[in-house]
Every structure is written in structure tokens, then in C-alpha cells.
A.B. asks: 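One structure, as C-alpha cells, below. Some questions next.
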Amino acid sequence: MSDWRAALDALPRERTWLLPALHAVQHDLRWIPSGALAAVAAHLRVPASEVYGVATHYPEFRLSEPGKRVVRVCTGVSCRISGGLDCLAALERQLGVRVPATAADGSVTLEPLDCAFNCSMAPVVQVDHQDHGRVAIQDLERVLSAPPSGFFWALADDLIAGRSSYPELVSHAQSRAYRGLTFVLAVGSCSLSVGAVETFAALTAEVDRRGLQAAVSPAGCSGLCWAAPMLTVIHPDGTTQLLPHTTADRIPALLDAALAKRVEPDPRVTDFLRRQRRELTSRCGVVNPHDIADAVRRGSYAALAEALAGRSPEHITQTVKAAGLRGRGGAYFAAATKWEGARQAPGSPKYLIVNAEEGEPGIFKDRHLMEGDPHRLFEGALLAAYASGASRIILYVHGEAHLSAERMKDAVASARAWGFVGERILGSDFSVEVEIRRGAGGFVLGEETALMESLEGRRAMPRPKPPFPTEAGLFGKPTVINNVETLFAVPLIAARGEKWWAGLGRGHGTKCFGLSGHVARPGVVEVEMGSTLRDLVERLGGGVPGGRALRGVVVGGPSGTVVPPRDLDEPLLPGGRVNPGTGGLVALDDTVSIRDVIRTLLDFNTRESCGKCTPCREGTARLRDILDTAGAPDGPSIAELAEVVRVASLCGLGQAAPLSILAALRDYPELA
Ligand SMILES: Cc1cc2nc3c(=O)[nH]c(=O)nc-3n(C[C@H](O)[C@H](O)[C@H](O)COP(=O)(O)O)c2cc1C
Ligand code: SF4
């Protein structure tokens with residue numbers, strides 16, 4: 001029996017398994033033939049027409065056979081202004097196809113990609129789902145012929161029979177600590193796209209060749225994507241050295257220098273870290289994401305243990321409420337209010353959904369957090385479930401965020417082995433089950449009710465609200481949905497108290513941003529809320545390269561706006577004049593056409609409109625067409641139409657879609 005048939009047979013015969021079933025087919029065959037669609041329909045007892053409707057709705061599902069290799073070129077704003085479009089044109093010439101198309105001999109499919117979510121490594125070319133970052137035209141030959149490579153780290157067998165108290169788990173973790181010479185390589189989506197696998201192999205081989213008594217271990221990225229691959233050397237005396245740009249060929253020389261302690265600290269690295277307020281990200285780039293013992297030694301699950309040992313769910317909720325934690329998924333809604341609502345709502349089971357869909361071009365901070373410190377997210381999810389009365393956690397991870405999904409899978413498996421998942425956790429009355437689900441593309445899928453529709457096996461189309469998810473969410477049951485970054489803050493607030501968080505960032509805590517585009521140091525940074533774009537783009541990002549002037553900064557992706565240089569000193573605050581949005585910043589130098597950027601954002605929103613409501617479905621397309629055809633667009637009529645779309649659309653996609661053009665008409669007179 002083929003793999004997908006076996007996987008399908010293993011699934012319960014319920015509609016909720018429709019996306020996992022389609023994923024199983026595509027994983028096995030690389031596409032979904034009509035026969036497989038029929039088999040899925042029959043097994044799940046869903047009408048074939050509806051299965052077809054769902055399969056054609058999600059952009060990642062392929063209903064026609066792709067070429068032997070699939071090459072995709074990112075055309076998101078960060079990549080298109082960094083040479084992505086030139087790469088695409090060069091590949092068209094080289095492969096003899098016009099995008100999107102499969103070569104006549106079936107050897108290759110070439111496609112544009114809205115975003116590879118690896119914006120700090122722009123421009124990105126993907127070959128068979130493997131990212132290649134910082135690609136120049138002269139690299140394309142090498143990129144096309146690169147063998148497939150992936151990073152694999154075996155989980156330790158960590159089932160600790162007979163241990164159930166947290167102090168016992170901590171002492172077990174301590175007993176496994178290695179305090180000798182340690183090499184920690186940052187292995188994240190960013191560094192994997194510039195050779196981290198090769199660096200890791202070269203490092204391990206060199207350590208073996210020299211017979212060094214040393215441990216080599218992976219971590220996530222510390223946000224220094226611009227310096228990737230980044231190696232940290234920890235000496236037995238505690239001295240630490242940070243080595244940027246550790247490519248495989250440099251390993252022998254770098255080891256010589258590191259072992260002799262002759263490495264001069266790179267001031268740009270120290271400066272980049274020192275200027276941040278790294279709280280949520282404090283362990284990213286440090287902790288081994290595949291090793292729960294390492295996470296526990298660094299404090300993971302201590303806040304959960306303390307809560308379960310004697311703090312009521314209401315107490316946790318009150319602490320988070322007093323801290324003022326607001327959701328980082330874009331709307332900045334008070335986290336504790338949702339938890340309270342779900343707890344008080346009738347109905348069971350109750351669900352806690354972790355929204356790790358992150359499908360908005362230019363935003364990649366949630367992936368960074370999950371790759372870097374999955375146990376911090378999982379502890380946050382457990383605490384939120386405890387506070388809101390949820391007994392089911394669903395981690396909903398973007399369909400193409402494979403490294404995030406792998407690391408979350410490992411984290412959940414080892415947390416289960418250590419007794420943090422299941423019945424009566426740490427001997428308390430709290431029981432919870434966990435599942436990981438994957439999306440299949442589409443920006444609107446991240447909208448909370450659309451995401452629930454997809455979990456129920458339907459097209460990702462938002463529901464009208466009310467009822468709100470806390471009253472009637474997934475399967476009509478009380479449901480809390482929180483963003484990854486929101487949940488990252490929870491263990492820290494539970495452990496350090498409400499005053500600590502409320503004392504940061506003008507009462508808003510810290511905020512993570514993905515920094516890309518025309519900056520010298522693209523990466524992921526964490527700063528206090530209320531920091532300015534000047535802090536982020538100039539002081540942290542190192543400013544615009546090549547001495548060029550800044551034209552603007554895209555803040556918040558396709559739901560955001562292009563902020564002009566005159567607002568660089570405005571604090572980024574929820575509800576402020578410049579809203580931080582979800583945390584994507586793309587800097588644009590003075591060579592960039594604002595019209596092209598706005599057109600890219602509008603075009604994306606038009607394609608991503610789910611079509612459920614007319615103002616968004618028709619209005620976004622009209623806005624883009626006016627921009628395209630009018631040469632000098634008619635300002636007032638764009639403004640009128642934009643206002644209708646903003647006010648009359650059902651969900652946040654339509655409501656936010658016109659913001660970029662409205663702001664650009666105001667701030668960039670040449671567009672009007
Ligand atoms: C079009 C659209 C896309 C969204 N995408 C995401 C997303 O990828 N991740 C996310 O956490 N929230 C996303 N949201 C917001 C969610 O609907 C929801 O508000 C959020 O997950 C709640 O979590 P929070 O309160 O912790 O922010 C999106 C909203 C809209 C309208
Ligand atoms: S606003 Fe757009 S994306 Fe949202 S429901 Fe309406 S058509 Fe769908």
C-alpha cells in the first residue's frame with residue numbers, strides 16, 4: 001500500500017482530518033491527483049465536490065503534477081527590492097520557461113512565491129522547499145545543482161520513570177549537563193539557507209579530527225541573521241566567543257583562533273545585542289531547541305510547576321491582566337480577557353489554539369521564536385490552557401514552516417515524556433492533550449475564525465463575529481486563540497510578576513520585530529514597546545547600506561503602511577500614530593518605487609481575499625487596477641473606494657487592505 005493510503009486509513013473518519021489527509025497525499029506524491037481526492041472524500045465521508053472545493057482553496061495544495069524539481073523565487077517586498085526579480089528573470093532565461101510554468105520536458109517548475117518568510121536573507125530562491133538565501137545571479141547555477149540537505153538532530157530518550165515532581169526533573173536535567181568546551185551553532189531558517197548544515201558537519205568533523213573533548217550542539221538563531229551562520233564558543237571557564245559568518249571553509253582557522261582565545265569581539269555583534277531588551281528572546285541562540293533537559297536547566301516549566309503547585313487559574317489570569325499583556329497577532333487585544341471569557345463560558349471541551357500560522361509577507365518573528373526556544377512557547381501555551389480552562393491545545397503551524405513544526409513536535413514529544421502533557425500534570429488536577437496541525441497557505445488562514453474553519457475541514461473563510469471564539473469557537477466550543485509571541489511572554493510574566501512586564505515599554509512590555517529590506521543588519525530584534533523606527537532601522541539595523549537615503553519603512557506587511565522618514569522618531573505603540581502591527585519592518589532606500597511597493601501589497605491582498613464579502617473581493621482588485629491603469633491615479637476616487645473597503649469588509653484582511661494606499665496618498669505626493 002502506498003504511504004498516503006496507509007496514512008489516510010489511519011485517520012479517523014471525520015471531516016476535521018481533511019487538511020491532514022490532503023497533506024499526507026501531497027507529501028507522498030508531491031501533488032494531489034483526482035483519484036486521491038476521491039479516496040479522501042470516501043474515507044472521510046465528505047462529498048467529493050466539497051473536498052475539491054477545499055483542496056483548490058488552499059494555495060499550497062497542488063492539483064496538477066509539478067516538474068521533477070520545483071524552483072520558487074520570493075517576490076515579497078524584501079526580496080524584490082534586493083534582487084529577487086532579477087533572479088526570477090535570470091532563471092526564466094536559464095530554464096527556458098516563463099513563470100508560472102513547468103518546462104515542456106517536465107524537468108522543472110518555476111514559480112514566483114509571495115514570501116519565503118526568510119526576509120532577513122533576501123533574496124531567497126527555493127529549490128524543492130529548500131531555501132537559498134542572499135542569492136546573486138552568479139549563484140543560480142550552484143543553487144540549482146545543490147544536493148538536498150536537511151538538519152536532523154536525534155531527541156534524547158528522556159523518559160524518566162518514577163519521577164514526577166519538578167525538583168526531581170530539574171536535578172535529572174542538571175545531572176545531564178555538560179560543562180566542558182561547547183560549540184553552539186545557530187541553526188535556524190536563516191542560517192540553513194546559507195550553509196549551516198555544511199558548517200555543522202565541518203565543525204563536527206574538525207572537532208573529531210583534532211580529538212577535542214567538546215560538545216557540538218545546535219541552537220536557534222539569536223536574531224543575528226545578517227551574521228549567519230553564527231557560532232558561539234563556550235570555554236570551560238565560562239568565557240564566550242561569538243563568531244559571525246562561520247562558513248564551513250572557515251572552520252579550521254576559526255577553531256585555531258577560538259581555542260587560542262585570539263578572537264576579537266565583533267563590535268557590530270555586541271552592539272546589536274546590547275541595544276535590545278532581550279527578554280522573550282533571551283534563550284534564542286543559546287538553548288538547544290531539541291533538548292528539554294537544557295531548557296529545564298534554564299528555567300523551563302518552573303512557572304508552570306509553581307502555578308500547578310498552588311496558584312489558581314484565576315490568579316494566573318489576574319497576574320497577566322495586571323501586567324497588561326496584549327495580543328501580538330496584530331489586534332493587541334488583552335490576553336487575560338480572552339482567558340476569562342473562555343473559562344466562564346459554558347461548554348466543554350475548551351480549546352487553546354496557538355496561532356503559529358504567520359502568513360503575512362515580511363513577518364517572520366514567530367518562526368524565529370519557535371525555532372529558537374520551542375519550550376518557552378509550549379510552557380506559555382500550557383499556562384494559558386490552565387488559566388482559561390482548556391483541556392485541548394492545538395498548535396497550528398504554517399504549512400511551510402517546516403523547521404518550526406519539527407521543533408515544536410520535538411518539544412511536545414519530550415514534554416510528554418517528562419510529564420508536562422497528559423493526565424494530572426505534575427500530580428495536579430490539570431490535564432491537557434496536545435495536537436500539532438499544519439496550514440496550507442493563504443494569508444486569511446491566520447484570521448482566527450478562518451483558522452477554526454480549516455481545523456473543521458473547510459475553506460479558510462472568516463466567520464461573522466459575534467459569537468466570539470471564547471463563547472463558540474472550534475466545533476462551537478469555548479476557544480482561546482493566541483499568537484506565538486503573546487504566549488512567549490506568559491511564563492516570564494507568571495514567574496516575574498505583573499509589575500516587571502508593566503514596567504517595560506510604557507506599560508506594553510517588549511516587542512519582537514523582523515527587520516529586513518535595505519538595512520545593513522537584517523534580523524530579528526526585541527525592544528521595549530515605544531521604541532522608534534530610528535532605533536530599529538538606524539541604531540539596530542545599521543541604517544541603509546551604501547550611504548543611500550531612506551525612502552520609507554513598510555511597517556506591518558500588507559495590512560500596514562509605508563511610514564515616511566519624517567516619522568522615524570515616532571514611538572511604535574499599539575493605537576499610536578505609528579502602530580507596530582505584527583512586527584515586520586522592511587526598510588526601503590531611495591531607489592525604490594513606492595508605487596511598486598503599494599502595488600505589491602495591494603496585489604497580494606487582492607489574491608488573498610477569500611471572496612466571502614463583496615467590498616473586499618471586488619474593492620481590493622479595483623484599487624489595484626486603478627493604481628495600474630490610471631498612470632497618475634485619481635486620488636479622491638481611490639480614497640473613496642478605500643474607505644468603503646475599510647469600513648464594509650467582514651474581516652481584518654479587507655479592513656486593513658486599503659491602509660497602505662490611503663497612507664501613501666497622504667505621505668508620498670508623487671503617488672496622488
Ligand atoms: C487576515 C488576517 C491574518 C491574520 N494572521 C495571523 C497570524 O498569522 N498569526 C496570528 O497570531 N494572528 C493573525 N491574525 C490575528 C488573529 O485573527 C487573532 O487576532 C490572533 O491570533 C489572536 O492572538 P493574540 O490575541 O495573541 O494576538 C490575523 C488576522 C487577520 C485578519
Ligand atoms: S474581508 Fe476579504 S478576506 Fe475577509 S471575509 Fe471578506 S472577502 Fe474574505
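Whatever order the structure lists them in is the order used to number ligands and atoms, beginning at 1.
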A.B. asks: Please determine whether ring pair (Phe, Tyr, Trp, His ring centres under 6.0 Å) holds for the pair H508 and Y332, giving the CA-CA distance in whole Å, both sets of side-chain angles, and the decisive distance to 0.1 Å.
C.D. replies: CA-CA 10 Å; H508 290 282; Y332 290 96; 7.4 Å; no

A.B. asks: For ligand 2, which atoms sit closer than 4.0 Å to a heavy atom of V444?
C.D. replies: 3 (S)

A.B. asks: Which of the atoms in ligand 2, numbered in the order shown and given with their element, are less than 4.0 Å from a heavy-atom of S609?
C.D. replies: 2 (Fe), 7 (S)

A.B. asks: Counting each atom of ligand 2 from 1 as listed, which ones have a heavy atom of G654 under 4.0 Å away?
C.D. replies: 1 (S)

A.B. asks: Going by heavy-atom distance to atom 6 (Fe) of ligand 2, choose the closest among A450, P462, C613, C651.
C.D. replies: C613

A.B. asks: Considering heavy atoms of the protein only, find what lies nearest to atom 27 (O) of ligand 1 and give residue, atom and distance to 0.1 Å.
C.D. replies: G329 N, 2.6 Å

A.B. asks: Any chance CZ of R622 has more than 12 other-residue heavy atoms, nucleotides or ligands included, within less than 6.0 Å?
C.D. replies: no

A.B. asks: Is A331 near ligand 1, meaning one of its heavy atoms is under 4.0 Å from it?
C.D. replies: no

A.B. asks: Is E306 reaching over with its side chain to a backbone N or O of A495, donor-acceptor style, under 3.5 angstrom?
C.D. replies: no

A.B. asks: What are the atoms of ligand 1, with element, lying closer than 4.0 Å to any heavy atom of I481?
C.D. replies: 22 (C), 23 (O)

A.B. asks: Look at the side chain of E447 and the backbone N and O of G652, then say whether any donor-acceptor pair between them is shorter than 3.5 Å.
C.D. replies: no

A.B. asks: Can we call the ring centroids of F364 and F117 under 6.0 Å apart?
C.D. replies: no

A.B. asks: Tell me: protein heavy atom nearest atom 23 (O) of ligand 1, and distance?
C.D. replies: N483 N, 3.2 Å

A.B. asks: Less than 3.5 Å between some nitrogen or oxygen of N482 and one of ligand 1, yes or no?
C.D. replies: yes

A.B. asks: State whether C610 contributes an N/O/S atom found under 2.8 Å from atom 8 (Fe) of ligand 2.
C.D. replies: yes

A.B. asks: Name the closest protein heavy atom to atom 29 (C) of ligand 1, giving the residue it belongs to and the distance to 0.1 Å.
C.D. replies: E447 CA, 3.7 Å

A.B. asks: Counting only heavy atoms not in Y52 (residues, nucleotides, ligands), do more than 12 fall under 6.0 Å from its OH?
C.D. replies: no

A.B. asks: Is it the case that atom NZ in K465 sees more than 12 heavy atoms from other parts of the structure closer than 6.0 Å?
C.D. replies: yes

A.B. asks: Nearest protein heavy atom to atom 2 (Fe) of ligand 2, by residue and atom, and its distance?
C.D. replies: C616 SG, 2.3 Å

A.B. asks: With a 3.5 Å cut-off and no angle check, do the side chains of T281 and R376 form a donor-acceptor pair?
C.D. replies: no

A.B. asks: Is a side-chain donor or acceptor of E371 paired with a backbone partner of S189 at a separation under 3.5 angstrom?
C.D. replies: yes

A.B. asks: With heavy-atom distances below 4.0 Å as the criterion, list the atoms of ligand 1 near R328.
C.D. replies: 26 (O), 27 (O)

A.B. asks: Identify the protein heavy atom lying closest to atom 6 (C) of ligand 1, giving its residue, its atom name and the separation to 0.1 Å.
C.D. replies: G446 O, 3.3 Å

A.B. asks: For F333, is at least one N or O under 3.5 Å away from an N or O on ligand 1?
C.D. replies: no

A.B. asks: State, without any angle test, whether E340 and T317 hold a side-chain donor-acceptor pair at a distance under 3.5 Å.
C.D. replies: no

A.B. asks: Quick one: which ligand 2 atoms are inside 4.0 Å of a heavy atom on L650?
C.D. replies: 1 (S), 5 (S), 6 (Fe)

A.B. asks: Run the numbers for me: atoms of ligand 1, each under 4.0 Å from some heavy atom of G652, listed by number.
C.D. replies: 31 (C)

A.B. asks: For K338, is the nearest heavy atom under 4.0 Å from an atom of ligand 1?
C.D. replies: yes

A.B. asks: Answer side chain, backbone, both or neither: which part of F443 comes under 4.0 Å from ligand 1, heavy atoms only.
C.D. replies: both

A.B. asks: Within the 4.0 Å heavy-atom shell around S649, which atoms of ligand 2 are there?
C.D. replies: 1 (S)

A.B. asks: Do the side-chain N and O atoms of S391 and Y351 include a donor-acceptor pair separated by under 3.5 angstrom?
C.D. replies: no

A.B. asks: Please report which non-hydrogen protein atom sits nearest to atom 8 (O) of ligand 1, along with the residue it belongs to and the distance in Å to one decimal place.
C.D. replies: E358 N, 2.9 Å

A.B. asks: Are the side chain of T449 and the backbone N or O of R463 linked by a donor-acceptor pair below 3.5 Å?
C.D. replies: yes

A.B. asks: Return the option from V444, I363, N355 holding the heavy atom at the smallest distance from atom 10 (C) of ligand 1.
C.D. replies: N355

A.B. asks: As a test of understanding, state which of R392, M452, E456 forms a side-chain contact (heavy atoms from CB on, under 4.5 Å) with F475.
C.D. replies: E456

A.B. asks: Within the structure, is a non-hydrogen atom of E360 found at a distance of less than 4.0 Å from ligand 1?
C.D. replies: no

A.B. asks: At less than 4.0 angstrom from any non-hydrogen atom of G359, what atoms of ligand 1 do you find?
C.D. replies: 8 (O)

A.B. asks: For K612, does the NZ atom sit with more than 12 other heavy atoms under 6.0 Å from it, leaving out its own atoms?
C.D. replies: yes

A.B. asks: Which protein non-hydrogen atom lies closest to atom 18 (C) of ligand 1, naming both residue and atom, and how far is it?
C.D. replies: E448 OE1, 3.4 Å

A.B. asks: In terms of the angle between their ring planes, are F604 and F443 parallel, tilted or perpendicular, with boundaries placed at 30° and 60°?
C.D. replies: tilted

